[in-house]
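This report concerns only the one structure given below.
What you are looking at is a predicted structure, and each value in this text was computed from that prediction instead of being measured. Both counts, for ligands and for their atoms, begin at 1 and track the order of listing. All heavy atoms count here, side chains included; hydrogens, waters and symmetry mates do not.
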Amino acid sequence: MKLPLPPLPSALKPPPKPPGETERVPPLEQAKEAGIATADWIDERTSLSGPARWVMFRKVPKGTNWFYTLGSATLFAFLSQAVTGVFLAMYYDPSVTNAYESARHITNDVFLGEFVRGMHKWGSTVMVILICLHMARTFFFGAYKYPRELNWVIGVVLLILTFTMAFTGYLLPFDQRSYWATIVGVNINGTGPIAGPFLSDFLRGGAEFGSTTLSRFYAIHMLLLPGAIIALIGAHLYLVTKLGTTAPPWLKAEGSDGLRDEQV
Ligand code: HEM
């Protein structure tokens with residue numbers, strides 16, 4: 001155990017600072033103070049600390065494990081897709097004559113183009129895998145039950161939108177593989193009952209596969225779907241924060257009423 005230091009004899013105490021000279025604060029302390037002052041400044045004008053506390057300081061049930069990180073992992077995969085997608089959109093040209101060439105240009109000529117395109121391409125697969133694993137986790141842990149049914153339904157819509165994102169993105173390189181694979185995909189959509197033919201007509205932008213199809217897929221891929229996904233993720237996370245996390249099903253129910261306390 002560390003003993004307290006003996007009091008300093010008054011002769012050894014540093015002399016008082018001459019008036020006007022301020023005490024030297026170490027740089028780390030200064031940085032901390034600056035951070036606190038900035039947060040205070042913003043909070044005084046916005047009162048955002050209340051909502052921020054609500055989001056960040058929540059009780060989490062005992063026994064949560066790595067499987068509970070799959071939702072956040074999906075979120076980060078989506079954010080990575082959004083960032084890399086913005087850079088790709090700076091060079092990509094969604095016209096039937098230039099699409100393939102602009103994608104080739106990104107890979108071969110643009111600085112880090114191949115890397116960013118690779119991240120976006122493989123990232124889409126990663127996001128699809130993660131969303132499926134996250135859904136499996138919430139299913140097997142019974143997190144879809146009361147009171148989280150609505151969050152499950154929002155999740156199902158997010159799943160469909162994520163698949164549609166992957167499907168519409170696949171056409172964009174406009175090479176032989178993406179062209180023919182999309183024709184097959186649109187035709188499969190057309191076999192659906194009642195809505196099928198309308199859906200395939202809508203995706204093609206008419207009876208024939210052509211320039212309208214490509215610009216339509218591009219608009220859906222980079223405007224419509226990301227907007228809808230962002231809004232739904234917002235609603236999804238609001239409900240996660242509001243309802244709290246489900247405890248793992250193998251935890252014994254606590255309390256004499258036999259009900260599991262969600263906010264242990
Ligand atoms: C873009 C897609 C998605 C994102 C970014 C996302 C994100 C999240 C996050 C961060 C959580 C809290 C942490 C966790 O439990 O893992 C969560 C919880 C949850 N998610 Fe998702 N999710 C997505 C898709 C889905 C899908 C497809 C489903 C099911 C069909 C789903 C159903 C749920 C449910 C029921 C919860 C509550 C879990 C609990 O209370 O234990 N989510 N989601």
Other residues, nucleotides, ligands: >12 heavy atoms within 6.0 Å of Gln30 CD: yes
Nearest-0.5 Å distance, CD of residue Glu149 to CG of residue Leu239: 11.0 Å
N/O separation below 3.5 Å, Arg148 to ligand 1: yes
Phe87 atom CZ: more than 12 heavy-atom contacts under 6.0 Å: no
Leu243, portion touching ligand 1 at heavy-atom distance under 4.0 Å: neither
Distance from atom 41 (O) of ligand 1 to nearest protein heavy atom, with residue and atom: Thr246 OG1, 2.9 Å
Atoms of ligand 1, numbered as shown, that sit under 4.0 Å from any heavy atom of Ala143: 35 (C), 38 (C), 39 (C), 41 (O)
Crowding at OH, Tyr144 (>12 non-hydrogen neighbours, <6.0 Å): yes
Polar atom proximity, Tyr144 to ligand 1 (N or O, under 3.5 Å): no
N-O pairing of Arg104 and Glu101 below 4.0 Å: yes
Residue and atom names of protein N/O/S atoms that fall under 2.8 Å from atom 21 (Fe) of ligand 1: His134 NE2, His236 NE2
Residue pairs fulfilling ring pair (Phe, Tyr, Trp, His ring centres under 6.0 Å) with at least one residue in residues 200-230, sequence neighbours excluded: Tyr92-Tyr218, Phe167-Phe217, Tyr179-Phe209
Proximal ligand 1 atoms for Gly244, defined as those under 4.0 Å from one of its heavy atoms: 40 (O)
Sub-4.0 Å atoms of ligand 1 with respect to non-hydrogen atoms of Leu75: 5 (C)
Listed partners of Val86 passing side chain to side chain contact (heavy atoms under 4.5 Å, CB included), at least two apart: Met90
Gap separating the NZ atom of Lys145 from the CH2 atom of Trp152, nearest 0.5 angstrom: 11.5 Å
Numbered atoms and elements of ligand 1 in range of Arg137, under 4.0 angstrom, heavy atoms: 14 (C), 15 (O), 16 (O), 38 (C), 39 (C), 41 (O)
Leu172-Trp180 co-clustered via ILVMFWY side chain contacts under 4.5 Å: yes
Sequence neighbours excluded, every pair satisfying side-chain hydrogen bond (donor to acceptor under 3.5 Å, both in side chains) that has a member inside residues 121-131: none
Test item: Phe174 and Asn98 side chains (from C-beta on) under 4.5 Å apart, heavy atoms: no
Nearest-neighbour protein heavy atom for atom 2 (C) of ligand 1, which is reported as residue plus atom name and distance: Ile131 CD1, 3.5 Å
Which residue and heavy atom of the protein sit nearest atom 14 (C) of ligand 1, plus the separation: Tyr68 O, 3.3 Å
Residue-ligand contact Cys132/ligand 1, heavy atom below 4.0 Å: no
N or O pair under 3.5 Å between Thr245 and ligand 1: no
Residue-ligand contact Phe78/ligand 1, heavy atom below 4.0 Å: no
CZ (Arg45) with more than 12 external heavy atoms under 6.0 Å: yes
Point-to-point distance, once rounded to the nearest 0.5 Å, from CG of Leu199 to CG of Asn189: 4.5 Å
Distance filter under 4.0 Å to Ser72 heavy atoms, resulting ligand 1 atoms: 10 (C)
